[in-house]
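All remarks here apply to the structure that follows.
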Amino acid sequence: MIDPKLLRQSTTDVAKNLSRRGFDFDVDAYLALEERRKSLQVNTENLRNERNSSSKNIGKAKAQGEDIAPLLAAVKDLGDKLEENEAALQALLSELQAIELGLPNLLDDDVPDGRDEDDNVEVRRWGEPVKFDFEAKDHIEIGESLGLLKFEAASKISGSRFVIMRAGLARMQRALIQFMLDTHTSEHGYEEAYVPYLVQSQALVGTGQLPKFEEDLFKTTNETPFYLIPTAEVPLTNLARDVIYEADQLPLRYTAHTPCFRSEAGSYGQDTRGMIRQHQFEKVELVQLVAADTSAQALEELTGHAETILQRLELPYRVVSLCSGDVGFGARKTYDLEVWLPGQERYREISSCSNCGDFQSRRMQARRRNPDSGKPELIHTLNGSGVAAGRALIAIMENYQQADGTIRVPAVLRPYMGGTETV
RNA sequence: GGAGAGAUGGCUGAGUGGUCGAAAGCGCUCCCCUGCUAAGGGAGUAAGGGCUAAUACCCCUUCGAGGGUUCGAAUCCCUCUCUCUCCGCCA
């Protein structure tokens with residue numbers, strides 16, 4: 001959520017920033033509502049004040065044994081009037097809040113302008129795409145010919161966008177997850193967490209998936225429904241909900257491995273074949289909770305932590321800074337890590353690292369106590385994939401494929417696979 | 001699933017219709033005293049929101065959540081959630 005005060009006082013500046021995303025904010029409609037809100041709220045609070053002081057007087061009079069009948073008569077109409085005002089105010093506030101919850105985050109100044117992913121700006125590259133002395137296959141062909149990827153079997157059970165992995169490949173995914181968690185906890189200062197995969201709506205409102213992107217989520221049919229997490233960012237970031245941290249408790253760094261569930265509504269026809277885009281995939285997530293003035297630096301570090309994984313796996317990748325039209329709803333700046341896929345001969349997203357500023361913490365009331373003023377202030381939240389295990393597995397299959405159709409095991413994963421060198 | 005108890009400020013814990021945003025204690029901050037330490041004295045110490053140039057006044061809201069009764073609710077009524085104890089069941 002954007003600071004309501006800023007929205008009120010600098011509405012056109014906010015609108016201008018949002019327009020960089022291609023987001024059209026109806027300034028006039030908002031200002032009209034806001035004007036009504038102001039007078040109605042002031043009015044209502046005055047009425048409440050009147051009611052409160054009258055009631056106190058009645059109390060005093062009664063205590064002194066005076067006749068309170070005339071006092072009661074004087075406040076007779078107040079109640080109805082107040083009730084009417086409160087109802088109108090409530091309606092107006094909900095309307096405003098709905099608007100505010102639907103506004104994306106303000107962009108950082110150094111986010112490049114652009115419409116869509118074609119305008120993203122490459123920041124740096126690491127590694128050289130491998131040259132094979134045979135025709136490179138994609139992960140589907142490799143996996144199916146080895147009998148390690150079972151798409152049809154999965155679709156019999158669960159439909160499209162699911163996969164079953166077998167034997168060495170299933171084990172390699174587990175090794176990959178172990179390797180990533182170990183690296184982040186022992187070298188990058190993250191604390192490992194085990195978190196719920198089912199969450200309630202307020203957690204998703206906190207991180208920004210709700211109310212706007214409900215159609216992207218899986219939802220249970222309980223009376224108070226659960227949602228399957230689309231990323232561990234949701235439970236990890238919500239650890240800070242309603243917390244006021246002492247200054248010396250920050251920064252906090254959390255990592256978790258979880259499955260992620262996405263309905264992929266609206267992506268029909270995209271990546272329908274293979275394991276790129278699934279309803280369920282494994283990911284190791286990184287989340288940081290930091291003081292406001294350190295988040296820009298933290299984003300660079302967090303991105304580096306994800307990069308370390310790809311470097312150790314010796315997978316060529318590039319880092320792109322997402323352009324204004326491609327930065328996600330809750331982020332003010334995002335770096336994507338794109339890994340080289342020989343089967344597609346292009347770079348594909350494998351990690352997305354974002355600084356959300358105070359956007360999420362305002363929704364969650366996640367704060368720290370300012371050591372100088374003693375006052376609570378919103379913290380900044382960051383998240384990034386460190387990295388998506390399913391896609392990392394694809395990258396390994398395609399980059400480590402051999403002429404005979406088998407896959408070499410990256411050196412750093414071998415200790416996690418009992419020394420196995422090939423699958 | 002059955003039976004019972006509970007939810008109040010950073011913590012402990014009073015408070016069954018009015019002057020209670022809330023006693024007291026602890027903790028914390030500042031000041032005083034004491035040549036260190038210990039002890040003692042005094043003051044302060046919730047969050048959100050509105051108004052505002054303001055982190056100044058003033059006002060509103062908040063005693064697990066949501067409804068209700070009332071001029072007035074931490075206190076009375078209803079619903080829900082969570083925690084604890086015992087029994088059953090289970091990983």
Side-chain angles (χ1 to χ4, degrees), chain A residues 1-11 13 30-31 33-101 194 196-203 205-206 220 222-227 235 238-250 291-293 358-379:
Chain A
M1 211 159 89
I2 296 172
D3 182 0
K5 261 188 182 162
L6 183 73
L7 186 59
R8 232 176 270 157
Q9 290 168 357
S10 315
T11 315
D13 290 342
Y30 165 78
L31 286 177
L33 272 181
E34 171 52 27
E35 199 179 327
R36 279 173 55 209
R37 186 230 104 225
K38 186 165 172 170
S39 67
L40 194 54
Q41 180 161 354
V42 168
N43 203 343
T44 305
E45 289 186 357
N46 285 341
L47 283 174
R48 278 205 278 245
N49 183 15
E50 208 179 311
R51 194 248 350 245
N52 290 347
S53 48
S54 300
S55 293
K56 272 185 188 171
N57 288 335
I58 292 175
K60 280 182 196 162
K62 204 174 170 187
Q64 290 166 11
E66 294 170 18
D67 179 17
I68 61 168
L71 291 172
L72 286 178
V75 292
K76 192 165 177 288
D77 297 334
L78 207 60
D80 289 343
K81 215 161 120 194
L82 183 57
E83 211 165 303
E84 214 173 281
N85 268 275
E86 278 177 336
L89 179 62
Q90 189 50 52
L92 202 49
L93 287 177
S94 323
E95 205 176 329
L96 274 166
Q97 179 173 288
I99 291 173
E100 287 166 8
L101 286 176
Y194 171 80
Y197 303 160
L198 294 169
V199 299
Q200 294 190 353
S201 62
Q202 65 159 13
V205 171
T220 70
N222 301 262
E223 198 177 337
T224 47
F226 290 111
Y227 293 84
N238 272 281
L239 282 168
R241 169 178 294 277
D242 293 325
V243 176
I244 303 177
Y245 294 103
E246 292 307 322
D248 61 9
Q249 290 179 276
L250 301 181
D293 56 354
D358 61 14
F359 185 85
Q360 295 179 321
S361 57
R362 182 169 292 107
R363 290 169 168 239
M364 298 188 301
Q365 285 299 95
R367 293 163 292 169
R368 69 152 197 163
R369 196 167 294 283
N370 183 304
D372 299 321
S373 68
K375 294 292 176 197
E377 63 185 16
L378 295 170
I379 61 168

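Numbered from 1 within each chain, the chains take letters A, B, ... in sequence-line order. Reckoned from all heavy atoms, side chains included, excluding hydrogens, waters and symmetry mates.
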Are A:Arg37 and B:G49 close enough that a side-chain N or O sits under 4.0 Å from OP1 or OP2? no

Could you give the distance separating B:U85 and B:C78 at their P atoms, to the nearest angstrom? 27 Å

Give the rounded distance in Å between these two atoms: CG of A:Asn46 and C1' of B:C60. 9 Å

With rounding to whole Å, what would you report as the distance between B:A74 and B:G18 at their C1' atoms? 13 Å

Spacing between A:Asn370 atom CG and B:A47 atom P, to the nearest angstrom: 12 Å

Which is true for A:Arg367 with a 4.0 Å heavy-atom rule: it touches a base, it touches only sugar-phosphate, or it touches nothing? sugar-phosphate

Taking atom P in both B:G13 and B:G64, what distance in whole Å separates the two? 15 Å

Under 4.0 angstrom, heavy atoms only, what part of the nucleic acid is A:Asn52 near: base, sugar-phosphate, or nothing? sugar-phosphate

Using a 4.0 Å heavy-atom cut-off, does A:Ala63 contact any base of the nucleic acid, only the sugar-phosphate backbone, or nothing at all? base

Suppose we call a contact any N or O donor and acceptor under 3.5 Å apart; does that hold for the side chain of A:Lys62 and the base of B:U19? no

Below 4.0 angstrom from OP1 or OP2 of B:U61, is there any side-chain N or O of A:Arg51? yes

Which sits closer to the 5' end of RNA chain B, A:Lys38 or A:Ser53, going by the nucleotide each is nearest to? A:Lys38

Taking atom C1' of B:A47 as reference, at what distance in whole Å does atom CG of A:Asp242 sit? 10 Å

Does any N or O in the side chain of A:Arg368 come within less than 3.5 Å of the main-chain N or O of A:Ile379, such that one atom is a donor and the other an acceptor? no

Working for side-chain contact (heavy atoms from CB on, under 4.5 Å), residues A:Lys81 and A:Glu84: CA-CA 5 Å; A:Lys81 215 161 120 194; A:Glu84 214 173 281; 5.7 Å; no

Find the distance A:Glu50:CD to B:C60:C1' and express it as a whole number of Å. 14 Å

Between B:C59 and B:G21, how far apart are the two C1' atoms, rounded to whole Å? 15 Å

When the C1' atoms of B:A73 and B:U19 are compared, how many Å lie between them, rounded to an integer? 15 Å

Go nucleotide by nucleotide along RNA chain B from the 5' end; which of A:Asn49 and A:Ile58 gets its closest nucleotide reached first? A:Asn49

Checking A:Asp358 side chain against A:Leu378 main chain: does a donor-acceptor pair fall under 3.5 Å? no

Watson-Crick or G-U stems of RNA chain B, 3 or more pairs, under 3.5 Å, by first number: B:1-7 with B:81-87, B:10-12 with B:24-26, B:27-32 with B:40-45, B:46-50 with B:58-62, B:64-68 with B:76-80

Pairwise C1' distance for B:C76 and B:A23, with rounding to whole Å: 23 Å

